[in-house]
Amino acid sequence: MWSIQLVGVPVDENTLAKPDDVVDRDREWVLLTEFVTDPDPAMRLGIVSGRRRHGKSYLLQALSERVGGLYVTAVREEGRLPAIRRFSDAIAAHAGLRPGTLRLADWRDVLSNALDVIARSRTPLLVIDELPYLLQHSPEIPGLLQQLYDERQRGTGAGPGARVILCGSAMSVMHELLSGTKPLRGRAVIDLRLGAFDYRASRAFWQIDDPLTALQVHAVLGGAPGYRSVAARPHPNEGFASWLTRTLLDPGRAVYSRTETEYLLREDPRITQHTLYYDILTAIAQGATTPTKIGAALERQRNAVTHPLGVLESTGYIQREQDILRPRHPVITLADPVIRFNQLITLPQAAAIEQGFAEEAWQAAAPTFNSKILGPHFEDLARAFTRRYAHTLLPGGPLGPVGTTEVADPAARTKHEVDVIALALGERPQAPRARIALLGEAKATAARRGTGDLQRLERIRTLLTDQGYDTTGTTLALFSLHGFYPDLIESAARRDDLLLVDLPGLYGIG
């Protein structure tokens with residue numbers, strides 16, 4: 001056994017302050033730092049997962065640097081023996097030894113030595129990033145970690161026990177680590193699923209001046225921070241169309257949406273029939289919202305798409321939106337903006353784009369972008385605003401569940417689709433006679449919103465009252481991309497149940 005002297009970073013009272021280059025992520029940083037500084041002498045395990053380009057590695061590298069931890073990342077193309085050798089060299093380097101000093105035979109030796117090395121630190125942290133790549137050739141690793149975890153629960157050392165963080169982008173693989181009868185079930189203290197930036201944080205991160213440009217960029221890239229490093233030249237401030245045609249619509253760029261979508265789908269090992277998955281995504285993008293409709297669009301039976309839909313949902317590429325008020329079939333939509341853009345804009349125009357006619361292709365596709373991407377995305381952000389920011393403008397404070405619904409209007413023989421509905425805090429979705437805190441309509445059309453839009457919301461509120469819902473404290477909210485007519489603004493000034501949110505208001509400007 002080698003005698004290893006650890007070369008670490010001393011931890012002082014300022015060490016765990018979040019680095020300036022880690023944007024947002026305040027809650028996640030606090031959670032992770034509390035985990036690694038817990039003085040419990042027993043070994044503790046944490047799981048961090050998230051979509052590609054969401055900044056998992058950046059965050060964990062920053063954390064590891066702060067405490068002098070051992071951070072090692074797996075490589076997709078690497079086999080078992082090269083991975084063992086590289087991990088062994090990383091352990092040696094962390095201990096101040098020359099590469100090749102440690103010649104470890106298997107993963108139990110690697111993991112055991114890594115834990116022994118970090119145990120000599122005041123903050124013993126081991127981060128294994130992109131774990132799913134290792135599991136492709138070394139599926140025994142979770143079982144070995146279970147054995148080491150169980151062996152180290154007595155905590156015989158003088159300081160805190162080892163803190164191990166496992167991280168990965170293959171969402172299904174990471175989520176299964178703690179499921180059913182898997183070895184690590186019941187052993188993780190943290191199961192952190194890192195999401196994209198909030199739309200306001202995303203605008204600040206990109207340093208975009210114009211809120212309309214920020215909305216457009218968010219509609220095609222979402223809040224994934226990893227895209228800025230590969231799509232920030234030219235900067236969106238120079239013009240959205242120019243930026244778009246030279247990034248997502250440039251086949252020579254790594255962020256070209258066709259290339260990026262293929263890469264995203266390869267992240268999950270369960271996605272093998274790429275043609276089928278592409279067809280399903282296209283059907284959803286074009287408006288098929290249930291398994292039956294998706295199957296019909298592909299000329300397949302409903303059962304043939306059930307499993308692929310489950311895979312796409314678990315990876316976060318699609319989402320099922322439940323009606324807030326009534327039990328009916330959930331609406332299936334695309335959750336990933338890049339995939340939505342690719343299926344609706346890039347693929348139909350691929351021949352022209354790849355011949356160098358990106359600008360012409362974009363001009364032809366602009367109406368589709370406005371109606372099928374920008375409009376629905378504006379509605380999404382209206383709901384996000386309601387969840388996160390509306391309570392600061394409403395008399396009742398924080399809200400309950402937020403979503404969409406459909407309200408029947410028997411007298412008019414029609415149904416009203418409600419873009420934004422929020423229940424009062426404490427109410428459950430689909431509960432009869434629930435208290436409704438907010439009803440909203442979001443429109444990204446070029447026209448300003450007027451009193452006709454308000455009258456429609458008032459009609460919907462009356463219908464819900466007649467159906468037994470409590471609307472005594474319901475606020476009516478209108479979200480508009482291009483503002484409001486003066487008479488509506490004057491009405492809002494006189495009423496305490498009307499909220500008008502334009503684009504600057506959505507972004508908290510002014």
Do you see a donor-acceptor pair shorter than 3.5 Å between the side chains of Tyr227 and Glu260? yes
Test the Arg52-Tyr263 pair against the cation-pi criterion, namely NZ or CZ under 6.0 angstrom from the six-membered ring centroid and within 45° of the ring axis. yes
Which distance, rounded to the nearest 0.5 Å, do you find between the CG of Leu32 and the OG1 of Thr37? 10.5 Å
Cation over ring, Arg200 on Tyr389, under 6.0 Å and within 45°? yes
What I want to find out is whether Arg163 reaches Glu34 closely enough, with some N-O distance under 4.0 Å, to be called a salt bridge. no
Regarding Ser172 and Asp268, do their side chains bring together a donor and an acceptor under 3.5 Å, going by distance alone? yes
Under 3.5 Å, is there a donor-acceptor pair linking the side chains of Gln61 and Arg66? no
His218 vs Tyr199 aromatic rings, parallel, tilted or perpendicular, using cut-offs 30° and 60°? perpendicular
Asp40/Arg44 ion pair, N-O < 4.0 Å: yes
Nearest heavy-atom approach of Leu423 to Leu325 is CD2-CD2, 4.0 Å
Can you establish whether the number of heavy atoms outside Gln301 located under 6.0 Å from its atom CD is more than 12? no
From CZ (Phe197) to CG (Leu221), nearest 0.5 Å: 13.5 Å
Using the ring of Phe205 (Phe, Tyr or Trp, six-membered ring only), decide whether Arg228 places NZ or CZ under 6.0 Å from its centre and within 45 degrees of its axis. yes
Answer yes or no: are there more than 12 heavy-atom neighbours, outside Gln207 itself, under 6.0 Å from its atom CD? no
Pick from Asp466, Asp453, Asp409: which one makes a salt bridge (charged side-chain N to carboxylate O under 4.0 Å, His left out) with Arg459? Asp409
Examine distances only and state if a side-chain atom of Lys18 and a backbone atom of Val22 form a donor-acceptor pair shorter than 3.5 Å. yes
Answer yes or no: is there a donor N or O on one side and an acceptor on the other, between the side chain of Thr471 and the main chain of Thr474, under 3.5 Å? no
I'd like to know if the side chain of Lys56 and the backbone of Gly50 have a donor-acceptor N/O pair within less than 3.5 Å. yes
